Amino acid sequence: MATHDDGDVNSGQTPETGITPGGTTGAFRDVLAKDHARRGKPPVHLVDMSPEERVAAAKAIGMPKFRVKQLANHYFAHFDTDVESFTDFPSKLSATAQEAFFPELIHEVTHQSADEGTTIKTLWRLFDGAMIESVLMRYPSRTTLCISSQVGCGMGCPFCATGQLGLTRNMSTGEILEQVRIAAKTARDGGITGGPCRLSNVVFMGMGEPMGNYRSVISAVRQISAMPPEGFGISARNITVSTVGVVPGIRKLAQEGLPVRLAVSLHAPSDELRDELVPMNRRFNTTQVLDAAHDYYLATKRRVSIEYALMRGINDQAEHARLLAKRLNHYGDDWAHVNPIPLNPIEGSKWTASKPEDERQFLDILHHAGITATLRDTRGQDIDGACGQLSAKYRKTA
């Protein structure tokens, strides 16, 4: 039973970090990793602190408070954490400021490149030895980073590599934002094929269920979208937060006043099928999830992305497409954009990608029903592209 960070969202108590009910109520149970435990907390980073906490930390090391803004500007505007190299910062304070504000939170273990160098997948080691992944992808009109928000995932979807890892722990805001900072620096410095560019989009579609680590994710979103020296200056409209359908999280996000895009990993149009593919459906069924997603659209005026991994002979037939169109059209407005996704199969798994003709038929049925739908461009197929695959492979060989 997951009671480490989670809380019952119906109890009136604010959970320490998470929002998923986990095993506290209902039929769903978080799937925990073998090494799930209280591991201690990551070192506190500048981005984990409130403005008042930053000033207090500065005072504790004998640093004037105006220096805090300098450090924040270096971090958010220049993507730099090497205090010793800051020409506008006194060298006698650099070592203590480095330790107090910029502890190393993520360290690269290995990376893989694909798609002629326009896709870079990185495996990171965290302070406690845990591993997470991020993927940087350059497209003709944008550069997108897919980031992780938890170590592993407790949602237990059987076709997902991360779901097979189980949930180890939530990530701190600092651990989340360090993925963004390093990717932004890589893009700026020409570390991805095509020359220097600007990181323009961030999607919370890596390891973990973002709604299961709600507080840290929202803090990260606010700092990604704020302008320097409070944030990276990436438009909130270019940030996507995904969920398998944690309804309280969707409803809470709708009240944040952030114009981020919501992506719902639906994967099945009926409760019977979705109970098998997405165990959280036993806690919040398709009607509850779609109602909450449509309410999000009404509150934000942002179309919701419906993510749908196509699996051969399981959820990719004509009857599935027709039922999906019926369920979405029930609401009577153009509120959803469906992203059918060719499955990145896990080695040795029965879950495999659909036939191309079934993909085309699925799209055609949605289009004829008036549903906007675009087949997702799958990146990294020549590497361990599905999230969790690189981590799983490294564990086996390490």
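Treat the numbers as computed from the prediction; the structure is a model and nothing was measured.
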Listing, residues 290-299 side-chain donor-acceptor contacts under 3.5 Å, not counting sequence neighbours, or none:
unit_1: D291; atom_1: OD1; unit_2: Y331; atom_2: OH; d: 2.7
unit_1: H294; atom_1: NE2; unit_2: D333; atom_2: OD1; d: 3.0
unit_1: H294; atom_1: NE2; unit_2: D333; atom_2: OD2; d: 3.0
unit_1: D295; atom_1: OD2; unit_2: R251; atom_2: NH1; d: 2.8
unit_1: D295; atom_1: OD2; unit_2: R251; atom_2: NH2; d: 3.3
unit_1: Y296; atom_1: OH; unit_2: V260; atom_2: O; d: 2.7

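Minimum heavy-atom separation, V151 to A130: CG1-CB, 3.7 Å. Between N315 and A309, the shortest heavy-atom distance links the atoms ND2-O, 2.8 Å. Smallest separation of non-hydrogen atoms from F79 and R181: O-NH1, 2.7 Å. Annotation for T162 and G208: closest pair CG2-N, 4.0 Å, computed over non-hydrogen atoms. Residue T243 comes nearest to M211 through the heavy atom pair OG1-CG, 3.5 Å, listed as atom of the first residue, atom of the second, then distance. Minimum heavy-atom separation, L165 to G152: CB-CA, 4.5 Å.
Under the 4.0 Å criterion applied to side-chain N and carboxylate O atoms, E108 and R125 are not assigned as salt-bridge partners. Ion pairing between E175 and R169 holds under the 4.0 Å rule for side-chain N and carboxylate O.
Enclosure of atom CD in E99 is not indicated, since only 12 or fewer non-hydrogen atoms of other residues, nucleotides or ligands lie within 6.0 angstrom. Heavy atoms from other residues, nucleotides or ligands lying under 6.0 Å from CD of E84 number 12 at most. Sparse packing is recorded around CD of E272, with 12 or fewer heavy atoms of other residues, nucleotides or ligands lying under 6.0 Å away. Heavy atoms from other residues, nucleotides or ligands lying under 6.0 Å from NE2 of H78 number more than 12.
With hydrogens and angles ignored, the 3.5 Å screen pairs no side-chain donor or acceptor of D115 with any backbone N or O of T118.
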Practice item. Give the C-alpha distance, both sets of side-chain angles, the deciding distance and a yes or no for ring pair (Phe, Tyr, Trp, His ring centres under 6.0 Å) between Y75 and H45. Key: CA-CA 11 Å; Y75 186 84; H45 190 280; 5.1 Å; yes

Check your understanding: Under the side-chain hydrogen bond (donor to acceptor under 3.5 Å, both in side chains) criterion, do H74 and D88 qualify, and how do the steps go?
Key -> CA-CA 10 Å; H74 277 282; D88 59 353; 3.0 Å; yes

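Considering I306, L366, I365 as possible partners of I371, the one that fulfils the side chain to side chain contact (heavy atoms under 4.5 Å, CB included) test is L366.
Cluster membership check: V31 does not share its hydrophobic cluster with V244, using side-chain heavy-atom separations under 4.5 Å among Ile, Leu, Val, Met, Phe, Trp and Tyr. Follow the hydrophobic side-chain contacts under 4.5 Å out from M49 and you never reach V55; the two are in separate clusters. A continuous path of Ile, Leu, Val, Met, Phe, Trp and Tyr side chains, each step under 4.5 Å between heavy atoms, connects L258 with L262, placing both in one hydrophobic cluster.
Under the 3.5 Å distance criterion, with hydrogens and angles disregarded, no donor-acceptor pair is assigned to the side chains of S94 and Q98. In this structure, a donor-acceptor pair under 3.5 Å is present between the side chains of T372 and R303. For the 3.5 Å distance criterion, the side chains of N213 and Q150 fail to qualify, holding no donor opposite an acceptor. With 3.5 Å as the limit, one finds a donor-acceptor pair spanning the side chains of R327 and T286.
Contact check for L145 versus V180: side-chain heavy atoms found under the 4.5 Å cut-off.
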